[in-house]
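One-based numbering, in listed order, for ligands and for the atoms of each. Residue numbers count from 1 along this sequence. Since this is a predicted model, take the numbers as computed values, not measurements.
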Amino acid sequence: MKAWIAGTGSYAPARVLTNADLERMVATSDEWIRERTGICERRIAAVGEACSDLAVQAGKRALTAAGLAATDLDMILVATCTGDYPLPATACLVQHQLGATKAAACDLSAACCGFVYALSVADAYVKSGMRHVLVIGSEVMSAIIDWTDRNTCVLFGDGAGAVVVSASDGQRGILSTHLRSDGALCELIMVPGGGSRTPPSEKVLAERLQYIKMKGNETFKVAVRTLEEIARATLSANGLRVEDLDLYVPHQANVRILKAVMARLGLPIEKVVLNLDRYGNTSAASIPIALDEAVREGRIKDGSLVMLGAFGAGLTWASAIIRW
Ligand code: UT7
C-alpha cells in the first residue's frame, strides 16, 4: 500500500510587491534582483492576514480537488516558520476554520524543507492506517522580514500550498522520502531573537533580532551541493535515472541555485517547475504552490514521475519522489 496525493491547492495574497517597489525602499535595483535571484515580484499578506488564513484557503482548494470534505480528514499538518502565534499550533486554527472535526492537528518546523518533511510524516501515517492527511505549507515571511535589510527583503514572499495525502491501492503514490539535517550550520539562516534563547525584549527590538538573518553566499554553495546529493540519492534508492524524471519541483529560493543543480544533474529546464519570478521564496509554501500550479497547468498527469527537492534553515535538505 502506498500514500498518494489525492488533491492539490494553493493560495497567494492579492498584494503584489514588485522589484520597482523595493527600489523605493532599499538600495537595490530591479536588474540586481532579477540577475542574482530570478525574482520579479512577490505576494505580501494584507494587514491582519495571518498564516492560518492563507493555509485555510489552500487547504479548501486541495480538499475540493480531492473530492473530500474536511470531516474526512484524520490529521492536519501545517509546515511553517511564521505561524499565527508562538502557541497554539497554527494547524489547530486551520482545523477549526475548516470544520475538520475528526482531525488531529499540529505544526512542523523545518523552514523551507517543512513541506517535504511534513509530506514524509503524512506518508508514514497513511501507510500505518490513517485515511486522509492534509499537508499545508503556509508562510507570512513578510512578518519576519527586516524591510531595511536589502540582503534579505528582496528574496521572500507570502503564500500557501496544500496537498491531501490519501491511501492508494495501486502503483501510484509517494515512492520514497529522504530527509537530512546539519545543525552545525544553524547560523547561516536564523531569526536570532524572540525564542527561549533570547526572549522578546526592548533589546531584541532595538537590535532587530526578531527578523530573519541570512549568510546568503555561504548558503548558496551548500544549497547547490546538497540539492544535487539528495536528488542522486533519491533516484538511486529507487533504481531510477535522471532521464526517468518527468518533472522536478524544487524549493524556489534562487534561479541560479537551480540552474547550477540542473547543470550538475543533466536535467533540462523544461523538466523543472520555476515560479519564483512571481512569488519569490515562500519557504515551506514554495514547493506545494509550484506543485499545484504544475497540476493545474497539466504538466503533471497520471503516471508522471515527479521529484521534489528542498533546502533551507537548520540547515535541512529533503526530497521526495512520487509516481502520480
Ligand atoms: O530558502 C532558504 C535558502 N536560502 C537560499 O538558498 C539563499 C541562497 N543565497 C542566495 O540566493 C544569494 O546568495 C543571494 C541572492 C542572497 C545573494 O547573491 P550573491 O550573488 O551571493 O551576492 P552576495 O551576497 O555575494 O553579494 C554581492 C553584492 C554585495 O556587495 P559588495 O560587498 O560586493 O559590494 C552585496 O552587498 O551584492 C550586494 N547586495 C545587493 N545589491 C543590490 C546584496 N543584496 C543586494 C540587493 N541589491 N538586494
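When only non-hydrogen protein atoms are considered, atom 6 (O) of ligand 1 lies nearest to Ile257 CD1, 3.3 Å. The nearest protein atom to atom 39 (N) of ligand 1, hydrogens excluded, is given as Trp32 CZ2, 3.4 Å; this is a heavy-atom distance. Distance from atom 9 (N) of ligand 1 to its nearest protein heavy atom, with residue and atom name: Gly216 O, 3.0 Å. Closest to atom 43 (C) of ligand 1 among all protein heavy atoms lies Asn151 OD1, 3.3 Å.
Under the 4.5 Å side-chain criterion, counting only non-hydrogen atoms from C-beta, Arg323 is not in contact with Gln171. Side chains of Leu93 and Val56 form no contact here, defined as non-hydrogen atoms less than 4.5 Å apart. Side-chain contact between Val165 and Trp4 is absent, with no heavy atoms from C-beta onward closer than 4.5 Å.
Among Thr219, Val255, Leu227, the residue whose heavy atom sits closest to atom 5 (C) of ligand 1 is Thr219. Nearest residue to atom 12 (C) of ligand 1 from Val222, Ile33, Asn254 is Asn254 (criterion: closest heavy atom). Between atom 35 (C) of ligand 1 and the options Lys215, Met214, Lys221, Arg150, the minimum heavy-atom separation is to Arg150. For the residues Asn217, Thr316, Leu315, the heavy atom positioned nearest atom 24 (O) of ligand 1 is part of Asn217.
In summary, Glu35 and Arg256 do not engage in a salt bridge, as defined by a charged side-chain N under 4.0 Å from a carboxylate O.
The distance criterion of under 3.5 Å between nitrogen or oxygen atoms is not met by Val154 with respect to ligand 1. At a 3.5 angstrom cut-off on N or O pairs, Arg36 counts as close to ligand 1.
Not a single donor-acceptor pair under 3.5 Å links the side chain of Asp149 to the backbone N or O of Asp146. Using modelled atom types, one side-chain atom of Arg150 and one backbone atom of Ala27 make a donor-acceptor pair closer than 3.5 Å. Formation of a donor-acceptor pair under 3.5 Å by the Ser138 side chain with backbone atoms of Cys51 is found in this model.
Those atoms of ligand 1 that come under 4.0 Å of a heavy atom in His251, given as number and element, are 1 (O). For ligand 1, the atoms closer than 4.0 angstrom to any heavy atom of Ile189 are 2 (C), 3 (C). Remark: ligand 1 atoms within the under-4.0 Å shell around heavy atoms of Ala253 are 1 (O), 5 (C), 6 (O). Listed by number with element, the atoms of ligand 1 under 4.0 Å from a non-hydrogen atom of Arg256 are 18 (O), 19 (P), 20 (O). Which parts of ligand 1 touch Asn281 is read off a 4.0 Å heavy-atom cut-off, strictly below it: atoms 1 (O), 2 (C). Residue Cys112 approaches ligand 1 through these ligand atoms, each under 4.0 Å from one of its heavy atoms: 1 (O), 2 (C). Ligand 1 places these atoms under 4.0 Å from at least one heavy atom of Thr37: 15 (C).
Judged by distance alone, the side chains of Ser52 and Thr90 never bring a donor and an acceptor atom under 3.5 Å apart. With 3.5 Å as the limit, one finds a donor-acceptor pair spanning the side chains of Thr80 and Glu139.
Of the options Val306, Leu305, Leu227, Ile269, a side chain to side chain contact (heavy atoms under 4.5 Å, CB included) to Tyr248 is made by Leu227 and by none of the others. Test Ile33, Ile145, Asp30, Asn281 against Val154 for side chain to side chain contact (heavy atoms under 4.5 Å, CB included) and you get one pass: Ile33. Remark: of the listed residues Arg42, Glu31, Glu41, Arg42 is the sole one forming a side chain to side chain donor-acceptor pair (under 3.5 Å) with Asn19.
Atom 29 (C) of ligand 1 is not flagged as protein-proximal [any protein heavy atom, distance under 4.0 Å]. For atom 32 (O) of ligand 1, the nearest protein heavy atom is 4.0 Å or more away.
Contact annotation for Thr28 and ligand 1: heavy atoms of both the backbone and the side chain come within less than 4.0 Å of the ligand.
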